[in-house]
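Convention: sequence-line order gives letters A, B, ...; per-chain numbering from 1. Only heavy atoms go into these numbers, but all of them, side chains included; no hydrogens, no water, no symmetry mates.
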Amino acid sequence: MSITIDQEKVRYQKWTKLAEEGVDLFPHRAAITHTVSQVKQQYESLKEEELEKKEIKVSVPGRILTIRRMGRATFFHLGDALNRLQGYLRQDQIGQEAYRRFSLLDIGDIISIQGRLFRTRTGELTVLVEEYTFLAKCFHPLPEKWHGLQDVELRYRKRYLDLMINPEAARVFWLRSALIAEIRRFFDERGYIEVETPMMHPIPGGALARPFETFHNALGIELYLRIAPELYLKRLVVGGFDKVYEINRNFRNEGISSQHNPEFTMLEFYEAYKDYHDMMEMTEELLVYLSQKILGTLELTFGEYSLSLKRPWRKVRFYEALAEFSGLSPAKLKNEREVIELASQLASEKTPLSYGKALDVLFDKQVKPKLIQPTFVINPPKEISPLAKASPENPNEAERFELIMAGMEIANAFSELTDPLEQKRRFEQQLEERKKGDEESHAIDLDYVQALEYGLPPTGGEGIGIDRLTMIFANKQSIREVILFPLLRPKG
RNA sequence: GGGCCGUUAGCUCAGAGGGAGAGCACCGGCCUUUUAAGCCGGGUGUCGCUGGUUCGAGUCCAGCACGGCUCACCA
């Protein structure tokens, strides 16, 4: 422990004083009857007369967040993850010694208090303390009570302070937890099996992205942190797990932004005998369910926008969305050379561009940011969808959709390509792209092709970014606000 | 990676060539229903780091570190 500032010295001295007075500095357990939040939930509705009549005794632990000493009486607040509860200490109630010893406590210390509930003159539910127990020392001064911890960097690096001090921060992660719990309930109730597939892949696949590389010493092989679980999940569908889902981390070795963290959490689910139309139905059902259950509404606020989840959501074909928002006429969009040139200007580093990739660039730049309400963009170019079935009506398009909300891609799904010969051809095309310098092209995975050779039934598959979904539900504009420990450069 | 902005007390922030400041927190005193408690007194600091310009740098310049926004890449 390094004690560097005066306030820390004072805290350390108070703590050693407690030791001299025989206080157990590292108690092994605390006998508690309620948490702060439980007291609030159970008794917030009771009036003072009821509290007086019922004589409710509680033993509550918490961190001291405020102290107001007023001579021979002291008010303070104890906090847990989401709530705070006031305590009232009177010398004539607790005795001179215990009252004096309380002055050796600091804001940030963790104690438990025993006493009965009452309401103060101003009506606040409060514990009239009869006894208190020291549980842990806080050796550092806490951030300011009114402004909280504002420094964004400190909030991420010392997330525990953020959670302790800023109630909004804690709320977001409780919401995220509820979201994931409800997602599990949704799929479990539909007869899905939840699985965990490898995070370390010999061949990185299932998405178009650059992987992190690592090495296994005993086997002497290169491994890659997974960029997607997709190929493993479909192997499981081959094996007879007709309804399968996984919620887990993906890793992509790319830039960091308000919408990208190198590791992020993805829900992927696959259901046999379904296609991408079914997946759209299910996506609406899932998000409507989550929103009703967690927020109790279908009208969400996201920054300056209001998002309505009222079904049905808009469906627009990829090419039509491009024509609508990019200002290019359908004729121009069909002019491959012109499209490639235009896209190259928008994404200078991304050369050389194929026609399909160029269309994708145009879509990302000029269409995606303008799609605010939940919108299924369907049938993108087959070329950028090497794992999706082609559309029977238009062989250049994939049976695929992306769900866009608030300008962000939230979900991506398709009718899975089940033809092993076609899959192999698509992989070979991707290899050609790689030879031309596209590091994000899909690697060939012959073991996966072989799995398809055993027969993958018609299958709908989908991925939903949990972090971004949490952003939408929690009204947070930065992905770092919904990831407890976002990746930061280590501080020198 | 590029551009712009930021980094001053434990926290939140002001200060823009010449005495290092405020509020909260902290320390001492008073105060038994307060709640951003109040009253009296006290400033606790490597002004991110390293150089430079200058008689003099928290302030101007350069480099570096970390962060934010944004562009690029991506989901």
**Student:** Measure the distance from CD1 on A/I256 to P on B/C69 and round it to the nearest whole Å.
**Tutor:**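 A/I256 atom CD1 is separated from B/C69 atom P by 12 Å.
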**Student:** Determine the Euclidean distance between corresponding P atoms of B/G6 and B/A75; express it in Å to zero decimal places.
**Tutor:**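 B/A75 and B/G6 have their P atoms separated by 34 Å.
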**Student:** Which listed nucleotide (B/U12, B/C66, B/U44) is nearest to the side chain of A/E144?
**Tutor:**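 Among B/U12, B/C66, B/U44, the one nearest the side chain of A/E144 is B/U12.
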**Student:** Heavy-atom count check: over 12 atoms from other residues, nucleotides or ligands less than 6.0 Å from A/R171 CZ?
**Tutor:**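 Atom CZ in A/R171 is crowded, with more than 12 foreign heavy atoms closer than 6.0 Å.
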**Student:** Once you round it to whole Å, what is the distance between P of B/C66 and OH of A/Y156?
**Tutor:**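 These atoms are roughly 17 Å apart.
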**Student:** Would you mind telling me which of B/U34, B/U33, B/C27 lies closest to the side-chain atoms of A/F118?
**Tutor:**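 So the nucleotide nearest the side chain must be B/U33.
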**Student:** When rounded to the nearest 0.5 angstrom, what distance separates CD1 in A/I472 from CE in A/M405?
**Tutor:**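 Here the interatomic distance stands at 4.5 Å.
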**Student:** Please figure out whether A/L208 or A/P143 has its closest RNA chain B nucleotide nearer the 5' end.
**Tutor:**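 It is A/P143 whose nearest nucleotide is closer to the 5' end.
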**Student:** Between B/A57 and B/G17, how far is it from one C1' atom to the other, in whole Å?
**Tutor:**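 After rounding to an integer number of Å, I get 7 Å for this pair.
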**Student:** What distance, rounded to whole Å, do you find between the two P atoms, one in B/A20 and one in B/U46?
**Tutor:**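 Here B/A20 and B/U46 have their P atoms 15 Å from each other.
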**Student:** Strictly below 4.0 Å: does A/R480 bring a side-chain N or O up to OP1 or OP2 of B/C69?
**Tutor:**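 Result: yes.
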**Student:** In terms of side-chain heavy atoms, does A/S415 have a donor or acceptor partner in A/E399 at a distance below 3.5 Å?
**Tutor:**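 Side-chain D/A pair, A/S415 to A/E399: present.
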**Student:** Counting the atoms with a prime plus P, OP1 and OP2 as sugar-phosphate, which does A/R69 contact under 4.0 Å by heavy atoms, base, sugar-phosphate, or nothing?
**Tutor:**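 Base, at least one base heavy atom under 4.0 Å.
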**Student:** Walk me through it: do A/V36 and A/V60 pass the test side-chain contact (heavy atoms from CB on, under 4.5 Å)?
**Tutor:** CA-CA 6 Å; A/V36 165; A/V60 192; 3.7 Å; yes
**Student:** Find the distance A/H147:NE2 to B/A14:C1' and express it as a whole number of Å.
**Tutor:**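 One finds 12 Å between C1' of B/A14 and NE2 of A/H147, rounded.
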**Student:** Are A/R90 and A/E130 close enough for a salt bridge, meaning some N to O gap below 4.0 Å?
**Tutor:**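 Answer for the salt bridge query: no.
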**Student:** Judged by atom type as modelled, is there a donor-acceptor pair below 3.5 Å linking the side chain of A/R226 to the main-chain atoms of A/F251?
**Tutor:**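 No; judged by distance alone, with no hydrogens or angles, the pair does not exist.
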**Student:** Give a yes/no answer on whether the side chain of A/R90 brings an N or O atom under 4.0 Å of OP1 or OP2 in B/U32.
**Tutor:**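 No, because none of the side-chain N or O atoms of A/R90 sits under 4.0 Å from OP1 or OP2 of B/U32.
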**Student:** For A/R157 and B/U7, give me the distance from atom CZ to atom C1', rounded to whole Å.
**Tutor:**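 For the pair A/R157 CZ and B/U7 C1', the rounded distance is 13 Å.
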**Student:** Applying the Watson-Crick and G-U wobble criteria at under 3.5 Å, what pairs with B/C11? Answer none if nothing qualifies.
**Tutor:**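 Partner of B/C11: B/G23.
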**Student:** Both A/I107 and A/Y88 contact RNA chain B. Taking the nearest nucleotide for each, which residue is further toward the 5' end?
**Tutor:**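 Closest to the 5' end, via its nearest nucleotide, is A/I107.
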**Student:** If we call it a pair only when both distances are under 3.5 Å in a Watson-Crick or G-U wobble match, what pairs with B/G38?
**Tutor:**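 When the pairing criteria are applied, B/C30 turns out to be the nucleotide that pairs with B/G38.
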**Student:** Using the side-chain heavy atoms of A/E409, tell me which of these nucleotides is nearest: B/U32, B/A75, B/A25.
**Tutor:**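 Minimum distance to the A/E409 side chain belongs to B/A75.
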**Student:** Looking for any heavy atom pair under 4.0 Å, which part of the strands does A/Q91 touch: base, sugar-phosphate only, or nothing?
**Tutor:**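 Result for A/Q91 = nothing.
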**Student:** When all nucleic acid strands are considered with a 4.0 Å heavy-atom cut-off, which category describes A/G465: base, sugar-phosphate, or nothing?
**Tutor:**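 Here A/G465 touches no strand at all.
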**Student:** At under 4.0 Å, does any side-chain N or O of A/R68 touch on OP1 or OP2 of B/C31?
**Tutor:**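 Answer no for this pair, as no side-chain N or O of A/R68 is under 4.0 Å from OP1 or OP2.
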**Student:** It should be established whether A/K9 places a side-chain nitrogen or oxygen under 4.0 Å from OP1 or OP2 of nucleotide B/U44.
**Tutor:**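 No, because none of the side-chain N or O atoms of A/K9 sits under 4.0 Å from OP1 or OP2 of B/U44.
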**Student:** Between A/I464 and A/F269, is the side-chain contact (heavy atoms from CB on, under 4.5 Å) condition met? List the steps.
**Tutor:** CA-CA 9 Å; A/I464 296 180; A/F269 56 99; 4.0 Å; yes
**Student:** Identify the nucleotide, in any strand shown, that forms a Watson-Crick or G-U wobble pair with B/U53, with both distances under 3.5 Å; if there is none, say none.
**Tutor:**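 Per the H-bond distance test, none.
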**Student:** What's touching nucleotides 46-50 of chain B from the protein side, N or O pairs under 3.5 Å?
**Tutor:**
none

**Student:** Could you tell me whether A/Q86 contacts a base, only the sugar-phosphate backbone, or nothing, with contacts defined as non-hydrogen atoms closer than 4.0 Å?
**Tutor:**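 The answer is base, as A/Q86 lies within the cut-off (heavy atoms under 4.0 Å) of a base atom.
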**Student:** Between B/C24 and B/C64, how far apart are the two P atoms, rounded to whole Å?
**Tutor:**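 Nearest-Å result for B/C24 against B/C64 at atom P: 41 Å.
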**Student:** Is A/D467 touching bases, backbone alone, or none of the nucleic acid, heavy atoms closer than 4.0 Å?
**Tutor:**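 Counting heavy atoms under 4.0 Å across all strands, no contact is made by A/D467.
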**Student:** Could you state the atom-to-atom distance from CD of A/Q7 to C1' of B/C26 in whole Å?
**Tutor:**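 Rounded to the whole Å, the gap is 4 Å.
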**Student:** Quick check on B/G67: is either OP1 or OP2 less than 4.0 Å from any side-chain nitrogen or oxygen of A/R489?
**Tutor:**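 Checking A/R489 against B/G67: at least one side-chain N or O falls below 4.0 Å of OP1 or OP2.
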**Student:** Could you state the CG-P distance from A/D109 to B/A25, rounded to the nearest angstrom?
**Tutor:**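 Rounding to the nearest Å, CG of A/D109 and P of B/A25 are 16 Å apart.
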**Student:** Assign A/N253 to base, sugar-phosphate, or nothing according to its heavy-atom contacts below 4.0 angstrom with the strands shown.
**Tutor:**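 Contact class for A/N253: none.
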**Student:** Take atom P in B/C39 and the same atom in B/G23, then report the distance between them in whole Å.
**Tutor:**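 Nearest-Å result for B/C39 against B/G23 at atom P: 11 Å.
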**Student:** Give a yes/no on whether any side-chain N or O of A/K158 is located under 4.0 angstrom from OP1 or OP2 of B/C11.
**Tutor:**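 The answer is no; no side-chain N or O of A/K158 sits under 4.0 Å from OP1 or OP2.
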**Student:** Checking all strands, does A/K14 fall into the base, sugar-phosphate, or nothing category for heavy-atom contacts under 4.0 angstrom?
**Tutor:**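 Here A/K14 touches the backbone only, sparing every base.
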**Student:** For A/H140, run the side chain to side chain contact (heavy atoms under 4.5 Å, CB included) check against A/K158, A/E8, A/R11, A/Q7 and tell me which one passes.
**Tutor:**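 Answer after filtering A/K158, A/E8, A/R11, A/Q7: A/E8.
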**Student:** In chain order, what residues pass the ring-ring contact (aromatic ring centres under 6.0 Å, His included) check against A/F302, with sequence neighbours excluded?
**Tutor:**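 In terms of ring-ring contact (aromatic ring centres under 6.0 Å, His included), with neighbours along the sequence ignored, A/F302 is linked to no residue.
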**Student:** Give the nucleotide from the list B/A36, B/U12, B/A25 with an atom nearest to the side chain of A/L149.
**Tutor:**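 Given the options B/A36, B/U12, B/A25, the side chain of A/L149 is closest to B/U12.
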**Student:** Among B/A72, B/U33, B/C26, which nucleotide has an atom closest to any side-chain atom of A/V10?
**Tutor:**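 Of B/A72, B/U33, B/C26, B/C26 is nearest to the side chain of A/V10.
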**Student:** Please classify the nucleic acid contact of A/G148 as base, sugar-phosphate, or nothing, using heavy-atom distances under 4.0 Å.
**Tutor:**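 Touches sugar-phosphate only.
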**Student:** How many Å lie between CD on A/Q96 and C1' on B/U32, as a whole number?
**Tutor:**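 Rounded to the whole Å, the gap is 14 Å.
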**Student:** Can you check the A/K357 NZ to B/C73 P distance for me, whole Å?
**Tutor:**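 About 11 Å, once rounded to whole Å.
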**Student:** Could you tell me the Watson-Crick or G-U partner of B/C4, where both distances fall under 3.5 Å? Say none if there is no partner.
**Tutor:**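 Its partner is B/G68 (Watson-Crick or G-U wobble, both distances under 3.5 Å).
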**Student:** Look at the side chain of A/R121 and decide which nucleotide, out of B/U34, B/U70, B/C73, has an atom nearest to it.
**Tutor:**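 Nearest nucleotide to the side chain: B/U34.
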**Student:** Does A/R317 make a cation-pi contact with A/Y319, if we ask for NZ or CZ under 6.0 Å from the ring centre and within 45° of the axis?
**Tutor:**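 No - A/R317 does not lie over the ring of A/Y319 by the 6.0 Å and 45° rule.
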**Student:** B/C27, B/U33, B/A72: which one has an atom nearest the side-chain heavy atoms of A/T120?
**Tutor:**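 Nearest to the side-chain atoms of A/T120, counting from C-beta on, is B/U33.
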**Student:** What's A/L488 touching, base or sugar-phosphate or nothing? Going by heavy atoms closer than 4.0 Å.
**Tutor:**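 Sugar-phosphate: the residue A/L488, judged by heavy atoms under 4.0 Å, touches backbone atoms but no base.
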**Student:** Counting the atoms with a prime plus P, OP1 and OP2 as sugar-phosphate, which does A/L154 contact under 4.0 Å by heavy atoms, base, sugar-phosphate, or nothing?
**Tutor:**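 Counting heavy atoms under 4.0 Å across all strands, the contact made by A/L154 is with sugar-phosphate only.
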**Student:** Expressed as a whole number of Å, how far does the C1' atom of B/C47 sit from that of B/G58?
**Tutor:**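 That atom pair is separated by 4 Å.
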**Student:** So A/Y156 and A/F485, ring-ring contact (aromatic ring centres under 6.0 Å, His included) or not? Walk me through it.
**Tutor:** CA-CA 6 Å; A/Y156 299 155; A/F485 299 100; over 10 Å; no
**Student:** Can you tell me, in whole Å, how much space there is between the P of B/G21 and that of B/G45?
**Tutor:**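 Each nucleotide's P atom is 13 Å from the other's.
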**Student:** For residues A/E271 and A/Y192, is any side-chain donor paired with an opposing acceptor at under 3.5 Å?
**Tutor:**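 A/E271 vs A/Y192: donor-acceptor pair found between side chains.
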**Student:** How far does the P atom of B/C66 sit from the matching atom of B/C61, given to the nearest Å?
**Tutor:**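 Nearest-Å result for B/C66 against B/C61 at atom P: 22 Å.
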**Student:** With heavy atoms under 4.0 Å as the rule, sort A/R11 into base, sugar-phosphate or nothing.
**Tutor:**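 The answer is nothing, as A/R11 stays clear of every strand by at least 4.0 Å.
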